[in-house]
Amino acid sequence: MNGERRRAIFERFRAANPAPRTELVYRTPFQLLVAVILSAQATDKSVNKATARLFADAPTPAAMLALGLDGLSRYISAIGLYNTKARNILETCRILIERHRGAVPHDRAALERLPGVGRKTANVVLNTAFGEPVIAVDTHIFRVANRTGLAVGPTPRAVEDKLTKLVPAEYRLNAHHWLILHGRYVCKARKPECPNCIIRDLCEFRDKTPAGDP
DNA sequence: AACTCGGGGCA
DNA sequence: TGCCCAGAGTT
């Protein structure tokens, strides 16, 4: 896919949704970090339901740490992998307090050192909390990039590296949210809604049937 | 790169 | 019931 076509795709997204935002509910960088840790292999809906109560009662690292393992687990027990996530989040709180003055570090290496935080979560925080033009490639974006032909690659990291180079600078800050919401609601894994797609005429996948689908 | 982890939700 | 879901960690 050439640069002109890529630009056309992002211009289409920009026109349809100028200021996209994550659907995860949070009020601070710390809460965003926790919400994204919880969202691994879980639906955003179940995460939002749990974090609404959790963030109201324990909005800071210190308050969350004070909940203890059993306390925190009760808030997030409706989320998959909650046992592991609860331990990771408490340890993350401890590290934030002891090594980062209770703040979320604006630093990729420091973020990825936190338990439960990998490249995808770190990139979401860098993009959404700190305004850096990085793209966090999750399953949605991986699928959309490969289907459309925007950035074809065998691994999320390969797709991320291509997108970082290929996405025009003026779109890079918002590209993450455009792509993830497009994957969530239109370019869905099972039944993509090509007839409702705003980049239908620019897509290399258009109207194909996903492998494994009737 | 492939495998494991591990739990709710929805068809 | 079986398979998916805003991944991370280990081998």
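From a predicted model like this one, the values you see are computed outputs, not experimental measurements. The analysis underlying the following values was restricted to heavy atoms, covering all of them including side chains, and did not include hydrogens, waters or symmetry mates. Just so we're on the same page: letters track the sequence lines, and every chain starts at 1.
For A:Tyr185 and A:Asn196, the side-chain atoms include no donor-acceptor pair closer than 3.5 Å. Donor-acceptor pairing under 3.5 Å is recorded for the side chains of A:Glu160 and A:Asn123.
Checking C:dC5, B:dG6, B:dA1 against the side-chain heavy atoms of A:Ala189 singles out C:dC5 as nearest. Distance from the side chain of A:Leu81 is smallest for B:dG6 among the nucleotides C:dC5, C:dA8, B:dG6.
If you check every strand for non-hydrogen atoms under 4.0 Å, A:Val124 touches nothing. Among the atoms of the strands shown, only primed sugar atoms or phosphate atoms (P, OP1, OP2) are found under 4.0 Å from some heavy atom of A:Pro115. If you check every strand for non-hydrogen atoms under 4.0 Å, A:Gly80 touches a base. As judged by a 4.0 angstrom heavy-atom cut-off over every strand, A:Thr139 is placed among residues touching the sugar-phosphate backbone only.
To the nearest angstrom, P of C:dG7 lies 18 Å from CG of A:Leu111. Rounded to whole angstrom, the span from the CZ atom of A:Arg157 across to the P atom of C:dG7 amounts to 18 Å. To the nearest angstrom, C1' of C:dA8 lies 19 Å from OH of A:Tyr82. Taking atom CG of residue A:Asn83 and atom P of nucleotide B:dG7, one finds them 6 Å apart after rounding to whole Å. Going from atom CZ of A:Arg184 over to atom P of C:dC5 covers 10 Å, rounded to whole Å. Atom P of nucleotide C:dG7 and atom CD of A:Glu112 are separated by 16 Å, given to the nearest angstrom. Residue A:His140 contributes atom NE2, which lies 11 Å from atom C1' of C:dC4 at whole-angstrom precision. For the pair A:Ile89 CD1 and C:dG7 C1', the computed distance is 13 Å after rounding to whole Å.
Each of A:Asp138 and A:Leu114 was assigned the nucleotide of DNA chain C with the nearest heavy atom; the assignment lying further toward the 5' end belongs to A:Asp138. Mapping A:Glu23 and A:Gly116 onto DNA chain C by nearest heavy atom places A:Glu23 at the nucleotide closer to the 5' end.
Here the separation of B:dG8 from C:dG9, taken at their P atoms, is 22 Å to the nearest Å. As rounded to the nearest Å, B:dC3 and C:dC4 have P atoms that lie 16 Å from one another.
Between A:Met64 and A:Leu72, the closest side-chain pair of non-hydrogen atoms falls below 4.5 Å.
One finds the CG atom of A:Leu150 at 8.5 Å from the CG atom of A:Leu166 (value rounded to the nearest 0.5 Å).
Less than 4.0 Å separates DNA chain C from at least one heavy atom of each of the following residues of residues 30-56 of chain A: A:Ser39, A:Ala40, A:Gln41, A:Ala42.
The pair A:Glu11-A:Arg7 does not count as a salt bridge, with every side-chain nitrogen at least 4.0 angstrom from each carboxylate oxygen.
Note on A:Arg190: a side-chain N or O is less than 4.0 Å away from OP1 or OP2 of C:dC4.
When the options A:Glu23, A:Arg21, A:His176 are evaluated for a side chain to side chain contact (heavy atoms under 4.5 Å, CB included) with A:Leu181, the one that passes is A:Glu23.
Under the 30°/60° scheme for interplanar angles, the aromatic rings of A:Tyr171 and A:Phe10 are found to lie parallel.
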Quiz prompt | Step-by-step side-chain contact (heavy atoms from CB on, under 4.5 Å) determination, A:Thr148 to A:Phe205 | solution = CA-CA 5 Å; A:Thr148 58; A:Phe205 180 80; 5.9 Å; no
